[in-house]
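Quick note: numbers below take in every heavy atom, side chains included, and nothing from hydrogens, waters or symmetry partners. Each chain gets a letter, A, B and so on, in the order its sequence line appears, and its residues count up from 1.
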Amino acid sequence: MSGLNAPQKLAVEYVDGPLLVLAGAGSGKTKVITEKIAHLIATGRHEAKHVAAITFTNKAAREMRERVARRVKGDKAEGLTISTFHSLGLKFLQIEHERAQLRRGFSIFDSDDQLAIVKDLAPAGLKNDALYALHNLISAAKNNGLSPEQAAEAARSLREREAAGLYARYQARLQAFNAVDFDDLIRLPLLLLDADAELAAGWRERIRYLLVDECQDTNGAQYRLLKHLAGTRGAMTCVGDDDQSIYAWRGANPENLDQLAQDYPRIKVVMLEQNYRCSGRILRSANALIAKNAHAHPKQLWSQHGDGEPVRVWACKNNEHEAERVAAEIHYLAQAKEILWGEFAVLFRGNHQSRPLEKALQLLRIPYHLTGGTAFLDRGEVKDALSWLRVLANPDDDAAFLRAIASPKREVGATTLEKLAGLAQQAQLSLSKAAENISLLKQLTPRAANGLNEFTGIIHRLRDASERLTPAELTRKLVEQSGLLAMIRAQCKDEASYLRRKENLDELALWFENARGGGAGELAAQLALLTNADRGEPGNQVRLMSLHAAKGLEFAAVFVIGCDDGNLPHSASIEEGRLEEERRLMYVGITRAKAHLYLSHNAETKRWGSVEHLLPSRFLDELPAGDLLRDGSDPERESAEKKIRGRASIKEIASLFDP
DNA sequence: GGTGAGCTTCTTTAC
DNA sequence: GAAGCTCACC
């Protein structure tokens with residue numbers, strides 16, 4: 001174990017009881033976790049198969065897996081669990097599915113599927129935001145580990161009581177579909193562990209040492225789950241930073257960090273306050289910003305680094321201008337400072353902000369990798385194929401059936417489906433099973449029955465074949481036999497768009513090829529937990545991602561774009577009084593940078609087609625003026641720098657490639 | 001039952 | 001400014 005400072009060393013070596021590591025940004029917390037895993041294994045304290053590290057994003061899990069692989073060689077790391085809370089919950093449910101009253105191949109409902117249930121059950125005519133609100137209330141109850149009954153008892157308003165009633169029916173619907181939603185991946189394991197001490201003991205036997213990253217992001221249910229896994233002996237290390245709590249909107253409860261000390265009075269607390277990442281000016285900016293938040297336990301982050309470059313604050317005309325400046329500056333810095341493409345990151349509040357950037361980077365032939373969002377899984381053709389896989393694995397998945405039966409169209413329309421739904425309900429069957437039922441089919445028009453028969457036939461053939469095929473092969477076969485490929489071919493007017501969509505389907509199959517464990521159904525469930533962030537290896541490419549996705553990463557040069565009031569902080573968060581979380585988000589962005597930091601704002605932006613005027617983010621005013629270099633504040637320096645860069649516009653740089 | 005024109009409507013973030 | 005929805009029409 002090399003290169004650890006005293007508190008880091010203490011955190012790694014302390015294994016005699018529960019440990020809380022309060023780790024400031026850039027203080028080496030991932031290093032502590034990976035070193036600790038290596039330490040636990042190397043000292044023979046625990047075999048790898050009894051150690052589990054939990055993170056919040058798949059990306060963080062992968063990052064940690066890579067770092068552990070570099071640190072622990074050979075088969076020593078065999079059986080080590082590094083996964084997200086949700087992946088662990090999924091694994092738990094796939095093993096314990098019977099106790100959870102789920103059948104093998106159960107589906108995971110994504111946000112769209114979930115909302116569709118709410119829409120179906122809620123009073124007709126509710127607007128989208130009311131439906132979202134209801135779903136959020138259900139989700140909040142689940143995140144607190146409440147059952148529908150408990151939610152009803154806890155309800156403090158009419159709205160909440162109505163939502164609790166809806167929750168009960170929502171859950172019944174999921175049960176009927178042999179499906180779970182994201183929240184159930186935490187709630188159901190918790191429910192089972194609460195109810196069965198033996199089961200809990202069994203899982204503690206499997207997971208004898210637990211490490212939890214980003215502990216401030218745990219919600220109520222996750223916190224109780226981790227207590228189950230750690231048990232009363234508290235064989236665990238929790239790492240967290242309340243200043244980087246940015247997930248309250250999905251139920252995260254940073255007070256869980258304090259709760260730990262109450263639940264484990266013997267807990268040892270280690271503070272990591274030395275920042276190894278940021279230059280002096282960057283760190284001072286971050287410290288000044290976060291000091292505006294109320295703190296129960298203020299940290300003092302310090303660093304041995306020199307001042308470094310000033311933090312640049314750019315006033316841009318609009319998003320295109322901003323993107324062009326960023327691209328040109330990256331182009332310049334890469335040459336002048338010999339910074340690799342992969343050491344640049346452009347961070348933004350919303351994923352849609354990447355578009356102008358992509359254009360500008362393409363213009364300059366700068367390779368980039370866009371992570372974040374769920375764009376891949378949201379592609380229509382990918383959803384279609386996944387729906388087919390879900391029906392194959394889970395005949396009770398009505399949501400998947402409804403999508404699959406309509407892609408491609410086979411003369412089964414809304415009228416038939418409504419009729420089928422009625423018949424299915426009477427017979428207590430799922431849609432897919434009802435469609436296989438001859439006597440039920442007789443009650444439909446011959447044309448509709450034909451269409452359903454055709455569908456059922458294909459499903460049966462694929463299901464038979466699925467036993468001999470790998471998930472990847474099954475996916476490829478399905479794409480052909482379902483008629484999906486032909487449908488895409490017919491829909492696409494030009495060859496290029498056909499190929500692009502076909503490629504997405506190829507990529508789906510490829511993902512299955514590289515994934516391990518389970519049949520197509522299990523893999524399809526795992527896939528539901530992935531986002532764009534988890535696709536492909538980002539090579540030596542400029543990284544484009546949301547501020548949320550950037551947590552835990554570091555780069556030589558960071559551009560935080562769109563520092564506009566209303567965007568960062570976001571207007572919705574301002575209205576809901578979540579300004580401190582927005583400030584933490586900005587803090588996370590700033591502290592990703594090692595040497596070069598750029599914060600840009602815009603005079604105007606286009607929103608839904610029309611132009612909107614903007615003011616700079618209020619957070620920019622909270623930064624120490626002495627460490628900033630604002631546009632226009634130092635004309636002499638600016639003109640000197642312009643001379644060094646030697647070019648006026650991105651067009652001129654681009655013309656070097658395309659004369 | 002399927003299709004396209006014309007209308008409305010906007011989750012930021014992610015498992 | 002795109003995506004989804006409704007409705008008239010084939």
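- In this structure, A:Ser111 does not reach the B:dC15 phosphate: none of its side-chain N or O atoms is under 4.0 Å from OP1 or OP2.
- Rounded to a whole Å, the NE2 atom of A:His352 is 13 Å from the C1' atom of C:dA2.
- Within the 4.0 angstrom heavy-atom criterion, no nucleotide atom of any strand lies near A:Phe348.
- Evaluation of the ring pair (Phe, Tyr, Trp, His ring centres under 6.0 Å) rule for A:Phe92 yields A:Trp203 as partners, not counting sequence neighbours.
- Nearest-nucleotide positions on DNA chain B place A:Thr445 closer to the 5' end than the other of A:Thr445 and A:Ile246.
- Residue-level contact check: A:Ala448 touches neither bases nor backbone, having no heavy atom under 4.0 Å from any strand.
- Rounded to whole Å, atom C1' of B:dT13 lies 15 Å from atom CD1 of A:Ile574.
- Residue pairs meeting the salt bridge (Lys or Arg N to Asp or Glu O under 4.0 Å) criterion with at least one member in residues 128-138 of chain A: none, sequence neighbours excluded.
- Rounded to a whole Å, the CG atom of A:Asn351 is 8 Å from the C1' atom of B:dT13.
- Shown for residues 114-123 of chain A: no residue has heavy atoms falling under 4.0 angstrom of DNA chain B.
- For A:Phe109, the ring pair (Phe, Tyr, Trp, His ring centres under 6.0 Å) partners at least two apart in sequence or on another chain are A:Phe177.
- Among residues two or more places apart in sequence or in another chain, the side chain to side chain contact (heavy atoms under 4.5 Å, CB included) test is passed with A:Glu255 by A:Asn253.
- For A:His570 and B:dT11, the NE2 to C1' distance is 8 Å, given to the nearest whole Å.
- The separation between A:His548 atom NE2 and B:dC15 atom P is 11 Å, rounded to whole Å.
- Nucleic acid contact for A:Glu582: base, since at least one base atom lies under 4.0 Å from a heavy atom of the residue.
- Remark: A:Thr81 pairs with A:Ala52, A:Ser83, A:Leu88, A:Lys91 by the side chain to side chain contact (heavy atoms under 4.5 Å, CB included) rule, at least two apart or across chains.
- Of the residues in residues 405-416 of chain A, those lying under 4.0 Å from DNA chain B by heavy-atom distance are A:Lys409, A:Arg410, A:Glu411, A:Val412, A:Gly413, A:Thr415, A:Thr416.
- Within the structure, the side chain to side chain donor-acceptor pair (under 3.5 Å) test picks out the following pairs touching residues 177-191 of chain A (sequence neighbours left out): A:Ser139-A:Asp183, A:Lys142-A:Asp181, A:Lys142-A:Asp184, A:Tyr167-A:Arg187, A:Tyr170-A:Asp181, A:Gln171-A:Asp184, A:Asn178-A:Asn394, A:Asp184-A:Arg187.
- In this structure, A:Gln353 atom CD and B:dT11 atom C1' are separated by 14 Å, rounded to whole Å.
- Taking A:Ala424 as the reference, A:Leu431, A:Ala434 meet the side chain to side chain contact (heavy atoms under 4.5 Å, CB included) condition, with sequence neighbours excluded.
- Remark: the separation of the P atoms in C:dG4 and B:dT13 is 16 Å, to the nearest Å.
- A:Phe401 is linked by a ring pair (Phe, Tyr, Trp, His ring centres under 6.0 Å) to A:Phe455, counting only residues two or more places apart in sequence or in another chain.
- Residue A:Lys551 contributes atom NZ, which lies 11 Å from atom P of B:dC15 at whole-angstrom precision.
- Judged by distance alone, the side chains of A:Thr605 and A:Asn319 do bring a donor and an acceptor atom under 3.5 Å apart.
- An aromatic stacking contact between A:Phe85 and the base of B:dC15 is absent, as defined here by ring centres under 5.5 Å apart and ring planes under 30° from parallel.
- Nucleic acid contact for A:Arg447: sugar-phosphate only, since backbone atoms but no base atoms lie under 4.0 Å from a heavy atom of the residue.
- Here B:dC15 is the nucleotide among B:dT13, B:dC15, B:dA14 with the atom lying nearest to any side-chain atom of A:Asn58.
- Stacking of A:Arg489 on the aromatic ring of A:Tyr498 is recorded, both the 6.0 Å distance cut-off and the 45° axial limit being met.
- Aromatic pair A:Phe344/A:Phe555: centroids not less than 6.0 angstrom apart.
- Stacking of the aromatic ring of A:Trp249 onto the base of B:dT13 is found: the ring centres lie under 5.5 Å apart and the planes are inclined by under 30°.
- Among residues two or more places apart in sequence or in another chain, the side chain to side chain contact (heavy atoms under 4.5 Å, CB included) test is passed with A:His321 by A:Cys316, A:Lys317, A:Asn318, A:Arg325.
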* To do: For salt bridge (Lys or Arg N to Asp or Glu O under 4.0 Å), just list the numbers for A:Arg584 and A:Glu581, CA-CA rounded to whole Å, side-chain angles, deciding distance to a tenth of an Å, and then say yes or no.
  => CA-CA 5 Å; A:Arg584 290 193 288 268; A:Glu581 179 151 312; 3.6 Å; yes

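- Across the protein-nucleic acid pair, A:Leu452 atom CG and B:dG1 atom P stand 11 Å apart, rounded to whole Å.
- Near DNA chain B, meaning a heavy atom under 4.0 Å from it, residues 127-134 of chain A has A:Asn128, A:Tyr132 in order of number.
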